[in-house]
Amino acid sequence: MDITRDARDRLLPASIPYRFFGLAVICHVGAWGLLACYGDGLPGFIGGPGPILAALHMITLGVGASTACGAAIQLLPVASRVSLRGVGATVGIFLLLVPGLLILFHGMGAAQDLAMEIGAALVIAALGLFAWKIMDLMYRVKDMPVPPDYVWISSFALIGLLSLAGLLVADGKFGFLPRRQDIAAAHGLLAVYGFMGMLAMGFSGILLPMFTLGHPPNAVWNRRAAGLALAGLLLSVAGLLADQRTVFLIGWVLGMVAVMVHLALMRQMMKTAMRKRLGPSFLLVRLSWVMLPLSLALGLAAATGFALDRSAPLFGFILVFGWMLSFLLGVLQRILPFLASMHSGLSGGRPLMPSAFTHEKAAMTHARCHFTALFLVSCGFFFEQGGLVRLGALAGLLGALALLWFALHVWWQSHKALRAAKLVNIS
Amino acid sequence: MTRQPLIASLLHEEHVQTISALQRLEEFLMGQGGKRPPELKRPENREVVGGITAGIAAEVQRHFGFEETYLFPLLAEQGQMGMVGMLAGEHQVILPLASGLARRAEAAINAGAFTETDWAAFHGDGLDLCEREIFHIQKEEMGLLGAIAAFVDNESDERLSALYSQMVAATAE
């Protein structure tokens, strides 16, 4: 272990994680904005290019992958006490990711194959580089406060999903895949349950006990949950790729057991939480805990063909917007002021507390709008009413703008604190 | 997986006690508001204003003193200078804040009441202390306790635990 570096050294320059978080907040606005304009097509959506596919990837890649990049490159070195090698590569990840996403979203939205191919290539390069940096770091970790299994599984899932993404894009041009829908479903499972899901479950064992001051999850059961989740993921994906429904169903059962163990660990942590006033961010985290098993239940319904027209698109929505987005935004609302406070102490003078960077009204507005959006869009799916979906998306857009306001507040307060510290240092 | 040394468990237990006291103080301050001073003739108010602030100040002084005297030098030797510097820097802000609050609480109790101006200042500083100390504990729980597990060997753990227990016993007498 490199012990010549320490926690302060491992705190990257604020601009590195914040550029990824900023990208996530902007993509969040874009996704709800697209759905507010084109959400009529969401009920019954089962894939294919268009604004819905672009909006979906604005959440999974724009919000999800960007947040994962920002959080992992900053928090993993702190949690593992191992420094990230070649910090400059994070700039490369960002410089590949931004144009890649813009071109990919345009290609998906306008159904332009060339743009999709170029965008996908850039995004695959960016996330491949990210996976390599994280695996290089994890390879050097000797011990961690939570099992490192989740991060390894997440990294391998990322490589798997990028490979399938490449196949899907190539298939769009050459049309060689026999069962494209199943490959796309496996790609989705690896992306949301695999890459993002495992990272979320792993970070839950580090970040949530810190924010709540509760007991970290039991290490033995946490490892068991990771093992079950890995087995569930592998079997589900293998079942889809090999068209073996029984294998898929066994994977689903293991996945559900893993989720139940994880939720029991989270419940135990919340029972021991010393911090009781947790604010709107934890409303979102709690919501995500409800949405995670619900997404699995809907996934089973879709996989078995039960009310397929409704269950399949609703599964995708609840999984991506209900579980993943709720969790990420809840955590983001805590990380942004937390990191800003850490950095405010580095420039000299008395460090500002997270509350100085937290715009409570914006956070609460965002949470309320997010809940409203999920409810209305889900109703829109259920009753197959495109108008309801668009109304819900409008609420989501309002919430996304509130979150943007929250992020700008963090940035502005950080800017003021830095300027004040410079004045003190000069005088 | 990281083992949990005894000294880390002892520090964690004190964090739990301090947070419990801080949350009681925070709830009282938020419920009371900054404009209307509390009625200090009521024993429950005196207990929070005087007893809890004095308790927090004493705990903070002992806890920080132990860390700075025995623990931080050991971690600094292991290359953890940045984390040690950051936490020690926060001690320099929190300790005077906690001691100042305890002194002002004692003065107000002796005088029988807070003036409106004194209460407004006490209220603001009290909430500031609660947030700073809880944030500080969050960082110690995430960073310091993990660093202890990684860098403090069994022999040092036994020595530090004995020293810490002696300090706790001495302040309890």
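FYI, side chains are in, hydrogens and waters are out, and symmetry mates aren't considered; it's all heavy atoms of this structure. Just so we're clear, the structure is a prediction, and the values are computed from it rather than from any experiment. Chain naming here is simple, since letters A, B, ... match the order of the sequence lines and numbering starts at 1 in each.
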Please confirm whether [X] and [Y] have ring centers closer than 6.0 angstrom.
X        : Y        : result
B/His91  : B/Phe72  : yes
A/Phe357 : A/His343 : no
A/His415 : A/Trp412 : yes
B/His12  : A/His215 : yes

Could you pull out all residues at least two apart from A/Arg85 that satisfy salt bridge (Lys or Arg N to Asp or Glu O under 4.0 Å)? A/Asp136
B/Arg24: what forms a salt bridge (Lys or Arg N to Asp or Glu O under 4.0 Å) with it, not counting sequence neighbours? B/Glu47
Among residues 96-131 of chain B, which ones touch chain A with a heavy-atom distance under 4.5 Å? B/Leu97, B/Asp128, B/Glu131
Residues 26-33 of chain B: residues contacting chain A (heavy atom under 4.5 Å, by number): B/Glu26, B/Met30
Within the side chain of A/Tyr18, is there an N or O that forms a donor-acceptor pair under 3.5 Å with the backbone of A/Ala340? yes
Please flag which part of A/Pro354 lies under 4.5 Å from any non-hydrogen atom of chain B: side chain, backbone, both or neither. both
Take a 6.0 Å sphere around CD of B/Glu39 and say whether it holds more than 12 heavy atoms from other residues, nucleotides or ligands. yes
To the nearest 0.5 Å, what is the distance between CG on B/Leu11 and CZ on B/Phe66? 6.0 Å
Closest heavy-atom contact between A/Tyr150 and A/Ala226? OH-N, 3.4 Å
Between B/Gln138 and chain A, with a heavy-atom cut-off of 4.5 Å, which part of the residue counts as in contact: side chain, backbone, both or neither? both
